[in-house]
Amino acid sequence: MKIKETPLKDCYIIEPTVFEDDRGYFFEKFNEKKFEELTGMNGHFVQDNISKSSYGVLRGLHLQKGEHAQAKLVSCLEGSVWDVAVDLREDSPTFGKWFGIELTAENKLQLYVPRGFGHGFSVLSTHAVFSYKCDNFYNKESEGSVKFNDPDLNIDWQIDEKDAVLSEKDENAPGFKEKNF
């Protein structure tokens, strides 16, 4: 696998080496030892989550706070999503900056989102199946969020805002300046 840095500190794109022939393809989706060697980051994951969504669904921006903070390794198993990570670590040189990347079943790219980041995605295809590997267990009391369309972040979700399908929680999320992270 290849590791590419993003403009955000500690946030990485993972590109697998794909072996393809007339029978199909094979690739190593994740290797903890290689990941740690290439990034210096802990790559031990304890929980896998899968979500399926239709076009326009926008999930985010979400995070887990405090001792329940989570790093995530995310990928798209079917369809296409615009995936966004926002650095919410106040002591980071990239605090308040965001990075977006299209993750698709075809490009097989993954994004490593470190602890202390907000994360979200919008579905660009008819439907998408999205995978999250997490390095800590989910804890409802530790949820944090930031409004998806906060003007201070000015995130381009690659869909028209009128097409965004949101949960009530995401629609009512606090703004960036309210620091619910």
Side-chain angles (χ1 to χ4, degrees), residues 1-18 27-45 47-51 53 57-65 69-77 79-125 128-136 144-159 164 170 173 176 179-181:
M1 71 178 158
K2 296 177 196 162
I3 304 286
K4 297 180 181 178
E5 291 186 21
T6 71
L8 304 180
K9 183 171 176 29
D10 302 325
C11 185
Y12 298 97
I13 300 167
I14 299 175
E15 183 179 352
T17 301
V18 180
F27 67 94
E28 187 175 69
K29 189 164 176 6
F30 182 75
N31 181 306
E32 182 176 7
K33 183 178 176 185
K34 286 181 189 175
F35 179 79
E36 289 179 3
E37 285 173 4
L38 294 171
T39 66
M41 307 289 287
N42 178 353
H44 184 71
F45 296 100
Q47 181 176 327
D48 282 9
N49 304 315
I50 304 285
S51 70
S53 306
V57 167
L58 194 153
R59 297 183 187 270
L61 295 160
H62 303 149
L63 71 146
Q64 291 275 286
K65 303 183 281 189
Q70 293 177 325
K72 298 175 185 173
L73 182 62
V74 298
S75 61
C76 188
L77 305 176
S80 173
V81 302
W82 181 251
D83 197 68
V84 173
V86 179
D87 192 346
L88 300 176
R89 303 169 300 175
E90 293 187 79
D91 60 344
S92 171
T94 56
F95 173 68
K97 306 283 188 222
W98 65 272
F99 173 76
I101 184 171
E102 186 173 3
L103 303 177
T104 71
E106 288 74 31
N107 71 21
K108 299 169 187 55
L109 296 176
Q110 299 177 82
L111 186 66
Y112 176 77
V113 181
R115 290 181 179 200
F117 273 59
H119 174 259
F121 66 90
S122 60
V123 178
L124 305 177
S125 53
V129 176
F130 194 74
S131 171
Y132 313 68
K133 293 180 89 52
C134 303
D135 76 342
N136 204 353
S145 61
V146 178
K147 185 87 169 172
F148 79 99
N149 62 353
D150 184 280
D152 291 313
L153 297 176
N154 196 30
I155 297 170
D156 179 358
W157 290 97
Q158 303 290 303
I159 60 172
D170 289 343
F176 177 71
K179 295 190 179 179
N180 184 34
F181 44 85

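Being a predicted model, the structure only gives us computed values, none of them experimental.
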Name all residues meeting the side-chain contact (heavy atoms from CB on, under 4.5 Å) criterion together with K4; count only those two or more places apart in sequence or in a different chain, and write none if there are none. I13, E15
Considering residues at least two apart in sequence or located in another chain, which fulfil the side-chain contact (heavy atoms from CB on, under 4.5 Å) criterion with K65? L63, N180
Would you say that T94 contacts F99 through its side chain, given a criterion of any heavy-atom pair below 4.5 Å between the two side chains? no
With V146, which of I155, D170, L153, V86 fulfils side-chain contact (heavy atoms from CB on, under 4.5 Å)? L153
Report yes if the distance between the aromatic ring centroids of Y132 and F45 is under 6.0 Å, otherwise no. no
Passes side chain to side chain donor-acceptor pair (under 3.5 Å), Q158 versus S122? Steps please. CA-CA 8 Å; Q158 303 290 303; S122 60; over 6 Å; no
Between [atom1] of [X] and [atom2] of [Y], what distance do you get to the nearest 0.5 Å?
X    : Y    : atom1 : atom2 : answer
H44  : E36  : NE2   : CD    : 9.5 Å
K72  : Q47  : NZ    : CD    : 10.0 Å
I14  : S75  : CD1   : OG    : 9.5 Å
F130 : L103 : CZ    : CG    : 6.0 Å
D10  : E5   : CG    : CD    : 9.0 Å
K2   : K34  : NZ    : NZ    : 12.5 Å

Is any NZ, NE, NH1 or NH2 atom of the basic residue among D87 and R89 found under 4.0 Å from an Asp or Glu carboxylate oxygen of the other? yes
Does any N or O in the side chain of [X] come within less than 3.5 Å of the main-chain N or O of [Y], such that one atom is a donor and the other an acceptor?
X    : Y    : result
W157 : V84  : no
E28  : M1   : no
D150 : F176 : yes

Aromatic ring pairing Y12/F35, orientation class (parallel under 30°, perpendicular over 60°, tilted between): perpendicular
Specify the closest pair of heavy atoms between G79 and E106, including all atoms of both residues, with the distance to one decimal. O-OE1, 4.3 Å
Which heavy-atom pair separates P114 from K9 by the least distance, and what is that distance? CG-O, 4.3 Å
